[in-house]
Amino acid sequence: MAEAADIQGNGPSPARRWLLRAASLVAGAPLLAGLLNGPAVPPASAAEEPSGSRTVDVSLNTFSPSAPVKGDTLTISGTVTNKSKQTVTGSHVDLRVGPPLSNRSSIDEAASRTGFRPGSDPGVLDDSYTVKLPPLGAGISEDFTIAVPVDKLGLDDEGVYQVGVSLSGQTQSQRGDRVLGIERTFLPWQPEAVEKKTQLTYLWPLISSAHLSAETGSDDQQTPVFANDDLAAELAPGGRLERMVSLGKELPVTWVIDPDLLATVDAMTRNYRVKEGTGEVAGRNQAVAEQWLSALEKAVEGRKVVALPFADPDLASLAHRGKDVSGSLRHLQPATAVAETTVETILHVKPSTDFAWPVEGAIDPSIVDVATSAGAHKVIARSDSLRDDLSYTPTAARPIGGGRTAIVSDASLSTAFQGDMAQAESSTLAVQRFLAQSLALTQQVPDKQRSIVVAPQRMPSAAQAQTMATAMAGLSSQRWTEPLDLIAAAAVKPDADATTRVPRSSDYPDRLRKRELPVQAFHDMKTTQETLDNFKVILTAAYRVVTPFGNAISREMSASWRGDPAAAAGYRTDVLDDLKGLTTEVQLIEKSDLTLSGRSATIPVTVQNKLLQGVDNLVLHLESTKPTRLKLNDGKAVAKQPVKINGGHSQSVKFTASANANGPVPMTAQLFTADGRPYGRPMTFTVKVSEITPTVMLVLAGGVLLLVLAGIRMYTQRKRAAEREAAEESEAGTETGNGDPVALDGPVQDPDPGQPSDPTPDTGPESGDPSGTGEKVDR
């Protein structure tokens, strides 16, 4: 009506026009807000509301047998969970088995799909195996089990079959029977053994992070000190390392061991201490350590064992960041030598030390050079690093030049069990995919036998270890694979078509490079090593320090620090602080200023050794900064004295000094090692020279002479007085007619009781000779 009135020329009243404008503003406000703030976002609950084939989550918890044969019954169990807010009615679980997958890529593609895809996902097997479920309310779960004889699955040709388990039903908003959830897995079908089986090498790593500190006790056994007692949980029943040993002893695997783990557990079998706060407590897990080592020794008996360099050094970090810091590579050869000795001593088997294993098998020329610098000629790489442009997976071993061999593990099989395997579904799917990939690999070129290596993650969890063992058990029938140890796999004739070109440094993955040890880490190691080198030359029992601290430096470059830079830096700091604490146990005792009176004196400097072992090969230097005023030993500015002190003792080293002029002389004392390197901090003090001049000597001599003359005079006077007394007594005796004295009324009195008859000198004998040389100045 308003629009008609406008057309007719009869406009609205002013009040009506005001109402229209207000209504326009109100109506346009949301549009304006949308233009300013962008498109409106629906509430989170609405955005996350699952629909279609993602309405219900389907989990497959068991798949048995994992690699069935004729006559078996396939049993699949799992759980369905309604993820929507609507009740699912008419729900039923169906089994879907598709045609064989053509290659390994199709397996990966099928595993990556999440929703139901008609055409790609096969149809329902048979209604007779459908499992009907009650209505599923929002968030409600129901378990199911499907059991089907293998001969009803329609498995004609050998190969890998896609298996889907779907839940169908309807909701209020999704009417009609439809697929509301699906999960896929794989069924490897190889009922008979193939003629050319794939030789499968599975590495079984026993590696852990660093637990031992560099500290040891002061007792003869050097009781080890642990940074923590976390390792005990890994060794205890159900722990990660316990499961690795318990499961591995039943499997055809090649043991790959970090000798540092063996040395650490072996240290736990005896008395050990654990850091706790600012102090230490006694370790209490000796029995756990003994049980684990005993079980491992039995598990590896008669088996192939590969020993990594001690503490499993991060070869890529050394190659990319450490090799330019002088001295970093010097640790590799000793780490290899210690590895062999450690494994042979503790496990009583001779290991192979000819293998290097960079992190995740990623290599480039510099990594290969560093890996083989310690004497290893075989590098365990991975196929996603050293790639082949072939339609099939070639044999693992191949020459890469310089007499070196790359053992290229299969990336898909090696990474099959990463992630959280504690969930039954994750474990089940991982096992079936691993078995499917191994069969598809064998079928690539069935008339050609190949050798394949699987190198899993370095430190599998207990759940990952269990899943790996389950997968290996699925291959135990050896219908398409057969086990081969790593040493034998390295000797297999290489595939002529496989690549032998080592990737360029620029091809190294950035995600791995970012997790490497920083350059500063290697500078820290260098500082610690130099401190240790400087310290060990003075020790009479250097092995008590060199062994624990040398091993600690090796642990500082371990690959286990990747992803935890703060802990790595803290460990390096603790090691250096502990070492510096020991070096300061041998030090100079501070002296106060001295005063030297005379032309010469002996200046002592005290060296203290608070260590429990003796020190030797030390030289103490004492320097006079003003040799024209005060010279040392034979007129030199610097005097040197060898130092050798037993443990827990101090030694006073004496230097002869001669003065030429009065005044203060700053002195500097510094310890040096026998090869001329400064040891510890210098110590300074001042000697104040106050020389006695000839005039002063004359005055002193005159004073002494006066004292002597006065003594003589006093003696003469007393002697004369005594003579007079004797004469008077003689005269009195003559008057009586005889020599006897006359007795008066009282006793006989001493004629002069105040004067002794035999006087003694007031002072002792003194010498007027000048003071001799050799005065001591001790402070």
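Start at 1 with the first residue, then count along the sequence.
Val69 and Asp72 make their closest contact through N-OD2, 2.8 Å (heavy atoms, listed as atom of the first residue, atom of the second, distance). The two atoms that bring Thr336 and Ala374 nearest to each other are OG1-CB, 3.5 Å, heavy atoms only. Scanning both residues, Asp143 and Thr79, for their nearest heavy atoms gives OD1-OG1, 2.8 Å. Heavy-atom minimum distance, Ile182 versus Val58: N-CG2, 3.8 Å. Across all their heavy atoms, Ser438 and Leu413 have their closest contact at N-CD2, 4.2 Å. Taking all atoms of both residues into account, the shortest heavy-atom contact from Pro456 to Met468 is CB-SD, 3.8 Å.
Between atom CH2 of residue Trp480 and atom OG1 of residue Thr442 there is a gap of 8.0 Å, rounded to the nearest 0.5 Å. The CE atom of Met472 lies 10.5 Å from the CG atom of Leu435; values are rounded to the nearest 0.5 Å. Asp126 CG to Leu95 CG: the interatomic distance, rounded to the nearest 0.5 Å, is 10.0 Å. Here OG of Ser409 is found 11.0 Å from OH of Tyr202. Values are rounded to the nearest 0.5 Å.
One finds no salt bridge joining Arg303 and Asp485 here, because no Lys/Arg side-chain nitrogen approaches an Asp/Glu carboxylate oxygen to under 4.0 Å. Taking a cutoff of 4.0 Å between a charged side-chain nitrogen and a carboxylate oxygen, Glu195 and Arg479 do not qualify as a salt bridge. Between Arg433 and Asp108, at least one side-chain N (NZ, or NE/NH1/NH2) sits under 4.0 Å from a carboxylate O, which counts as a salt bridge. Ion pairing of Arg104 with Asp410 is present here, as a side-chain N (NZ or NE/NH1/NH2) and a carboxylate O approach within less than 4.0 Å. Between Lys83 and Asp57 there is no salt bridge, since no side-chain N of the basic residue sits under 4.0 Å from a carboxylate O of the acidic one.
Checked by atom type, the side-chain pair Gln162/Asp121 shows a donor-acceptor distance below 3.5 Å. With 3.5 Å as the limit, one finds no donor-acceptor pair spanning the side chains of Thr481 and Thr198. Arg450 and Thr393 are not linked by any side-chain donor-acceptor pair at a separation below 3.5 angstrom, with hydrogens and angles left out of the test. No side-chain donor-acceptor contact under 3.5 Å links Asp230 and His211. No hydrogens or angles considered: nothing links the side chains of Gln443 and Glu158 as a donor-acceptor pair under 3.5 Å. Neither side chain, Ser77 nor Thr145, offers a donor N or O lying under 3.5 Å from an acceptor on the other. Side chain to side chain, Ser560 and Ser558 meet the donor-acceptor criterion of an N or O pair below 3.5 Å. A side-chain N or O of Gln449 and one of Glu482 form a donor-acceptor pair less than 3.5 Å apart. Using modelled atom types and a 3.5 Å distance limit, the side chains of Asp94 and Thr130 yield a donor-acceptor pair.
By the 6.0 Å contact criterion, NZ on Lys298 is open, its count of non-hydrogen atoms from other residues, nucleotides or ligands being 12 or less. Remark: Asp127 CG is loosely packed, at most 12 non-hydrogen atoms of other residues, nucleotides or ligands lying under 6.0 Å away.
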Next on the checklist: Assess the residue pair Leu347 and Ile257 against the criterion (side chain to side chain contact (heavy atoms under 4.5 Å, CB included)); give the C-alpha distance rounded to whole Å, side-chain angles, the decisive distance to 0.1 Å, and a yes or no.
Outcome noted: CA-CA 11 Å; Leu347 295 183; Ile257 300 176; 3.8 Å; yes

Next on the checklist: For Asp354 and Val306: C-alpha separation, side-chain torsions, deciding distance, then whether side chain to side chain contact (heavy atoms under 4.5 Å, CB included) applies.
Outcome noted: CA-CA 8 Å; Asp354 203 24; Val306 170; over 6 Å; no

Checklist entry - Stepwise, does the side chain to side chain contact (heavy atoms under 4.5 Å, CB included) test hold for Val163 with Ile76? => result CA-CA 10 Å; Val163 174; Ile76 302 175; 4.2 Å; yes

Checklist entry - Yes or no on side chain to side chain contact (heavy atoms under 4.5 Å, CB included) for Met268 and Glu290, after CA distance, side-chain angles and deciding distance? => result CA-CA 8 Å; Met268 286 181 65; Glu290 289 176 357; over 6 Å; no

Item to check | Trace of the salt bridge (charged side-chain N to carboxylate O under 4.0 Å, His left out) decision for Lys448 with Asp495 | outcome: CA-CA 10 Å; Lys448 182 177 183 179; Asp495 192 316; 2.9 Å; yes

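Using a distance-only test at 3.5 Å, with no hydrogens or angles considered, a donor-acceptor pair links the side chain of Thr269 to the main chain of Asp266. Remark: side-chain polar atoms of Arg562 are not paired, donor with acceptor, to backbone N or O of Glu516 under 3.5 angstrom.
Residue pairs meeting the salt bridge (Lys or Arg N to Asp or Glu O under 4.0 Å) criterion with at least one partner in residues 379-394, sequence neighbours excluded, are Glu360-Arg382, Arg382-Asp384, Asp388-Arg398.
The side-chain heavy atoms of Glu183 and Leu429, taken from C-beta on, include a pair separated by under 4.5 Å. By the 4.5 Å heavy-atom criterion applied to side chains, Trp255 and Leu203 are not counted as neighbours. A heavy-atom distance below 4.5 Å is found between the side chains of Val80 and Leu133. In this structure, Ile400 and Thr405 have side chains that are not in contact, with every pair of non-hydrogen atoms separated by 4.5 Å or more. In this structure, Leu231 and Ser208 have side chains that are in contact, with non-hydrogen atoms separated by less than 4.5 Å. A heavy-atom distance below 4.5 Å is not found between the side chains of Pro313 and Ser554. In this structure the side chain of Leu212 reaches within 4.5 angstrom of the side chain of Arg555, judged on heavy atoms. The side-chain heavy atoms of Glu234 and Trp292, taken from C-beta on, include no pair separated by under 4.5 Å.
Ring geometry, Phe434 versus Phe417: the interplanar angle falls from 30° to 60°, so the pair is classed tilted.
For the side-chain contact (heavy atoms from CB on, under 4.5 Å) with Leu187, the lone residue among Leu439, Val97, Leu155 that qualifies is Leu155.
With sequence neighbours left out, the ring pair (Phe, Tyr, Trp, His ring centres under 6.0 Å) criterion links Phe226 to Tyr272. In this structure Trp357 satisfies the ring pair (Phe, Tyr, Trp, His ring centres under 6.0 Å) test with no other residue, sequence neighbours excluded.
Side-chain rings of Phe186 and Tyr161 stay apart, their centers remaining 6.0 Å or farther from each other.
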